[in-house]
Protein chains: 2
Amino acid sequence: MATLRDVARRAGVSIATVSYVLNGTRPVSPEVEARVWEAVAALRYRPNRLARGLRRKRTHVLGLIVPDNANPFFAEIARGLEDLSFAHDYSLILCNSDGDPVKEQRYLGVLIEQQVDGIALVSAGATPAHLAILQERGIPFVVVDRDLPGLEADCVLADNFQGGYLATRHLLDRGHRRIACITGPSDLTPSADRVRGYQKAMEEAGIEPLEVWIRRGDFRAESGYHAARFFLSLPSSMRPTAIFACNDLMAIGAMRAVGEAGLRIPQDIALVGFDDIVLAAYVIPPLTTVAQPTYEMGRLAGELLIRRIQARGRPPARYLLPVRMVVRHST
Amino acid sequence: MATLRDVARRAGVSIATVSYVLNGTRPVSPEVEARVWEAVAALRYRPNRLARGLRRKRTHVLGLIVPDNANPFFAEIARGLEDLSFAHDYSLILCNSDGDPVKEQRYLGVLIEQQVDGIALVSAGATPAHLAILQERGIPFVVVDRDLPGLEADCVLADNFQGGYLATRHLLDRGHRRIACITGPSDLTPSADRVRGYQKAMEEAGIEPLEVWIRRGDFRAESGYHAARFFLSLPSSMRPTAIFACNDLMAIGAMRAVGEAGLRIPQDIALVGFDDIVLAAYVIPPLTTVAQPTYEMGRLAGELLIRRIQARGRPPARYLLPVRMVVRHST
DNA sequence: CCTACGAAGTTAAACGTTTAACTCCATGGA
DNA sequence: TCCATGGAGTTAAACGTTTAACTTCGTAGG
């Protein structure tokens, strides 16, 4: 509650001098400097970042919008971004959009009013128009995980196409021909790209996937469970011997369905996931999956953001991060 | 970038009038009000919350400090708090302490400088002294999940003692006598309370647990894995037939060790966890566990915080939330 | 000896709000 | 007719910083 004014009074100098000492922005004589620090300590002075932000027009606060921070994938991104922010003395405001463009829009408004220096988002909206408000005001931002077609902005993505391709190749190499795919919401690019990778691999192998082999999920475990039950209900001539789920949560849901049906993984049904969340290694059997550098994506988003805050002019860059097969015992 | 001043100019009124219209703090004639709203819309005006906060001494920002937001348990708490904050038009700053009291202290400083209206924390420090800085400045705060002995503050806890007791009773009821326990870091009250519940149940059953049956973990899957391997390496006369792990992550780690040893759950070894994280239902076999109302704890923390911001005087309250056995197939 | 200069301090404006206190004016009651 | 009242607007101070511009003074160069 002590202010610069109080410190100045106690040290017997002007407010400006105290500010110069604190920020090291101008040389100050040693005696005065000592008196100021003494006063700062005695009064337990802490600068008021609101006042500073108001004056400097820089708040050292970033915003992060994700669909759901309780989803381990987004949690990891958040963690990466938070770590980087802390290292650079930025604070991070967390927002959950629930995948709802309207809620996302409200959050964008709040973050703008909060005068954040930059925003990282896993966008819920499908079109760049949703982010016009940011461009209009020249607020630095970076989109993570999901691509917005035609958007002029920094962008951090995993190589989802390659991931879908690798996962499917892996199953093909194991001798599978009837390979099913549990997709995510199809309007999201990560899911769509993974499915494209799947299709490419199948095509290269000369296999035309049956329509019933492609089943839409919503990235949650429950939907993987239902999709797998559907596959298992197919007549045996059409029933897949392997499933590629577009994320681990759905793969784990599928696992449960397979277990309940009394079938064994991988002997009866092989299973590949996507994301390599922590628990993928701990389910039984441990899940073969495609690892994304999730934490790194969060960090990189932070780096780009801070870089852009410091130098707005540069052209936007797209970062496509490599994915990696993690072979465990579900295949 | 438009300010009150710009809006006022365009509407042909004074700054104060615009403020009154925006906040509805004083009656304004219909014509003037209309002109103001027109100007607000035309200029895409958005209030600057820094300036407002500086003046009002209320920022409508809360802080949350957890050890690690990527841990599903804390992620859920964060989600609960964030939802409540959003509903009350508060923003939330997320901080990860990594369980390090020094880092926690730095974050407290940052949040104070940021002038947050209140702080929720899962404290890393073991003594109330760590939070003196908050009390000194009269900043509302609530501690979640972990109790600080002798701390005068609002506090949201799960009934960990009861949880440990129930879990152990459950195993005893299933006929187990040699029951091991994987604890968390012992200086944390949730872990200690759960262990006390375990001991109470054992004592009531007239069983004196061997020392080797109590093994310390760190709440991460890896440590559960190692603890279980240790149990399995005991001579068969001492080897436990059931394990109570103080959280799900460690239970899942233990599962893996059991699986690797070629033993079956629950036939050879029964397993109970704690927390009921989402994935507990999806591991194979599904994990019997003690459910905490995690999301609710986050929400309640937010409610208490906001209530205390509005009325500082009241005496602090402790909320002990009930836990619930969730019986699945690991026992 | 004068001047110019640099070091080290101070003053005051500015950032964008909120809000207490003031002005102005129409209205109605005595 | 006069005054009190209150509705609707304005003025200006305040919140806690930063920072450009100014003052003061000792010193060195010409």
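Lettering of chains follows the sequences in order, A, B, ..., and the numbering in each one begins at 1. Excluded from the calculations below are hydrogen atoms, water molecules and symmetry mates; all remaining heavy atoms, backbone and side chain alike, are included.
Atom OH of A/Y20 is separated from atom C1' of C/dT10 by 9 Å (rounded to the nearest Å). Atoms CD (A/Q115) and C1' (C/dT17) sit 11 Å apart, rounded to a whole Å. Between A/R49 atom CZ and D/dT17 atom P the separation is 12 Å, expressed in whole Å.
Heavy atoms of other residues, nucleotides or ligands lying less than 6.0 angstrom from CZ of A/R44 number 12 at most.
When distances run from any side-chain atom of B/P27 to the nucleotides D/dT11, C/dA8, D/dA8, the shortest one goes to D/dA8. Side-chain atoms of B/R55 lie closest to D/dA13 of the nucleotides D/dG16, D/dA13, D/dG9. Side-chain proximity of B/R52 to the nucleotides D/dC15, C/dT18, C/dA8 is greatest for C/dT18. Listed nucleotides D/dG9, D/dG16, C/dG9 differ in distance to B/S29; the shortest reach to its side chain belongs to D/dG9. The side chain of A/A16 lies closest to C/dA12, out of C/dA12, D/dG16, C/dT18. In this structure, of D/dT18, C/dT19, D/dG16, it is C/dT19 that holds the atom nearest to the side chain of B/R56. In this structure, of C/dT17, D/dG9, D/dT17, it is D/dG9 that holds the atom nearest to the side chain of B/T17.
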Please walk me through it: do B/Y319 and B/D154 pass side chain to side chain donor-acceptor pair (under 3.5 Å)? CA-CA 8 Å; B/Y319 289 78; B/D154 286 326; over 6 Å; no
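Look at B/T3 and you won't find any side-chain N or O under 4.0 angstrom from OP1 or OP2 of C/dG16. B/N48 has no side-chain polar atom (N or O) that falls below the 4.0 Å cut-off from OP1 or OP2 of C/dC15.
Between B/I93 and B/Q114, some side-chain heavy-atom pair lies under the 4.5 Å cut-off.
In this structure, A/I15 reaches the bases: a heavy-atom distance under 4.0 Å links it to at least one base atom across the strands shown. Looking at heavy-atom distances under 4.0 Å, A/R46 makes contact with sugar-phosphate atoms alone, never a base.
Looking at A/R52 and B/E113, no side-chain N of the basic residue comes within less than 4.0 Å of a carboxylate O on the acidic one, giving no salt bridge.
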